[in-house]
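Model, not experiment: these values are computed from the prediction. As a basis for the values below, the full set of heavy atoms in this structure was taken, side chains included, without hydrogen atoms, waters or symmetry mates.
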Amino acid sequence: MTQITRDGETILVLGGTGKTGRRVAERLKARGLPVRVGSRSGSPPFDWTDPGTWAPALDGAAAAYLSYQPDLAVPGAVDAIRGLTETALAGGTRRLVLLSGRGEEEAQACEKALADAGAEWTVLRCAWFAQNFSEGELTDPVREGEVVLPAGDVGEPFVDVDDIADVAVAALTEDGHTGQVYELTGPRLLTFADAVAEIAEATGRDIRYISVAPDAFAAGLRAQGVPAEAVDLLTYLFTTLFDGRNAHLGDGVQRALGRPPADFRDFARRTTATGIWNGAEQ
């Protein structure tokens, strides 16, 4: 593959402190490529809610990884992706790689806005992250031995975030990925109960999964002090994405990297070894 960035050209990684962005930035730096982390604490700072920060963050960047916060399903996301894309192209940023979600109509509208702008684009349409159990809101429930969610017996092909980062780096730095929509999933369908059971097996601990009604789930979040916007978003995602629409595998990892995706069981074993689920990361 031919590298698309020339010597000295920067790659901007938006959401560069998040699950996927951090890994993308680490991989690019390991290759010796100039990387700019786009975040509110970055230099210059980047804020999706402040368009005035976009052009300075993009200045001199040949390519950019777009991870929208909090989620492409929220109101205003399409306008933000369209505006960011226009700003990028006007400033000379040629290649844009968008982190997207499977089965989300709003996310696919964002994908269309990106494609229609005329950029060299690649879409990473991802399944539910395996690392949500170890680096997100589900970490503490796993530690405490009880995961409560409004998801029943529908299978989900959990994707390893390391696979997402590998595909993102390939799309940012190599030819052959422009115009591709990569459906990134793991190699198996698992229900949330299956996933929790595999974590329990890997850790040797008793960890229960409890399926609850969406209203009860939302009430529980509110009782924990979770902001209303976050409660609404999580409830929306669980009540729309786990109706069976995503209960199939994608071949994006294989197509992009020429290798199979990582299995959830390997993620569980690898993460257990870090000690994070015992409350003390090694």
Side-chain angles (χ1 to χ4, degrees), residues 1-72 77-100 110-111 113-126 131 135 161-182 184 252 256-257:
M1 293 286 187
T2 302
Q3 186 166 295
I4 65 102
T5 51
R6 294 186 289 272
D7 290 343
E9 287 187 320
T10 297
I11 298 176
L12 174 65
V13 180
L14 300 184
T17 59
K19 294 184 189 71
T20 64
R22 173 172 56 82
R23 288 171 167 84
V24 172
E26 289 171 351
R27 284 160 169 75
L28 293 171
K29 290 175 182 177
R31 295 188 180 196
L33 297 171
V35 178
R36 181 179 301 145
V37 173
S39 67
R40 292 178 179 177
S41 60
S43 181
F46 178 89
D47 187 341
W48 278 108
T49 66
D50 183 1
T53 66
W54 298 353
L58 285 158
D59 185 38
Y65 175 71
L66 312 184
S67 175
Y68 183 78
Q69 297 297 323
D71 191 276
L72 291 178
V78 176
D79 290 339
I81 294 298
R82 182 181 295 111
L84 188 282
T85 301
E86 292 171 352
T87 301
L89 294 177
T93 304
R94 304 186 300 274
R95 178 160 298 189
L96 301 175
V97 177
L98 176 66
L99 179 69
S100 187
C110 291
E111 296 172 10
L114 175 68
D116 288 348
E120 296 179 20
W121 59 270
T122 307
V123 168
L124 313 185
R125 193 180 288 166
C126 300
Q131 278 76 4
E135 300 176 25
V161 171
D162 285 318
D163 281 346
I164 299 172
D166 286 344
V167 175
V169 169
L172 287 164
T173 63
E174 300 171 354
D175 289 332
H177 302 285
T178 298
Q180 296 294 318
V181 176
Y182 290 126
L184 304 183
L257 303 177

request  = Say whether, by atom type as modelled, one donor and one acceptor occur between the side chain of Arg36 and the main chain of Asp59 under 3.5 angstrom.
outcome  = yes

Close side-chain approach of Val24 to Val97, heavy-atom, < 4.5 Å = no

ask   = Could you give the distance from CZ (Arg40) to OG1 (Thr49), rounded to the nearest 0.5 Å?
value = 5.0 Å

message = Nearest 0.5 angstrom please: Glu135 CD to Lys19 NZ, how far?
response = 7.0 Å

key: Close side-chain approach of Thr93 and Leu12, heavy atoms under 4.5 Å   = no

query = Is it true that a side-chain atom of Ser100 and a backbone atom of Val123 form a donor plus acceptor pair closer than 3.5 Å?
reply = no

ask   = If you round to the nearest 0.5 Å, how far is CG of Leu257 from NE2 of His177?
value = 7.5 Å

task = Check whether any side-chain heavy atom of Leu184 sits under 4.5 Å from a side-chain heavy atom of Asp163, and report yes or no.
result = no

inquiry  = Strictly below 4.0 Å, N to O, side chains only: are Arg95 and Glu9 in salt-bridge contact?
reply    = no

key: Whether Trp54 and Phe46 hold their rings parallel, tilted or perpendicular, with breakpoints at 30° and 60°   = parallel

message = Taking the basic N atoms (NZ, or NE/NH1/NH2) and the acidic carboxylate oxygens, is any pair closer than 4.0 Å for Glu26 and Arg22?
response = yes

key: SB check Asp162 Arg27 (cutoff 4.0 Å)   = yes

inquiry  = Would you say that Tyr65 contacts Ile11 through its side chain, given a criterion of any heavy-atom pair below 4.5 Å between the two side chains?
reply    = no

request  = With rounding to the nearest 0.5 Å, note down the distance linking OG1 in Thr53 to CG in Leu58.
outcome  = 9.0 Å

request  = Quick one: closest heavy-atom pair of Ala117 and Leu89, and the distance?
outcome  = O-CD1, 3.3 Å

inquiry  = What's the separation between atom CG in Leu99 and atom CG in Leu66, rounded to the nearest 0.5 Å?
reply    = 9.0 Å

key: Gap between atom CD of Glu111 and atom CG of Leu124 - 0.5 Å precision   = 9.5 Å

ask   = Between Tyr182 and Thr122, is any pair of side-chain heavy atoms under 4.5 Å apart?
value = yes

message = Is there a side-chain contact between Val169 and Arg31 in this structure, where contact means two heavy atoms from C-beta onward sitting under 4.5 Å apart?
response = yes

key: Residue pair Leu84 / Tyr68, side-chain heavy-atom distance below 4.5 Å   = no

request  = Starting from the C-alpha separation in whole Å, work towards a yes-or-no answer on side-chain contact (heavy atoms from CB on, under 4.5 Å) for Ile81 and Leu72.
outcome  = CA-CA 9 Å; Ile81 294 298; Leu72 291 178; 4.0 Å; yes

note = Heavy-atom nearest pair, Ala57 first then Pro45, reads CB-O, 4.5 Å

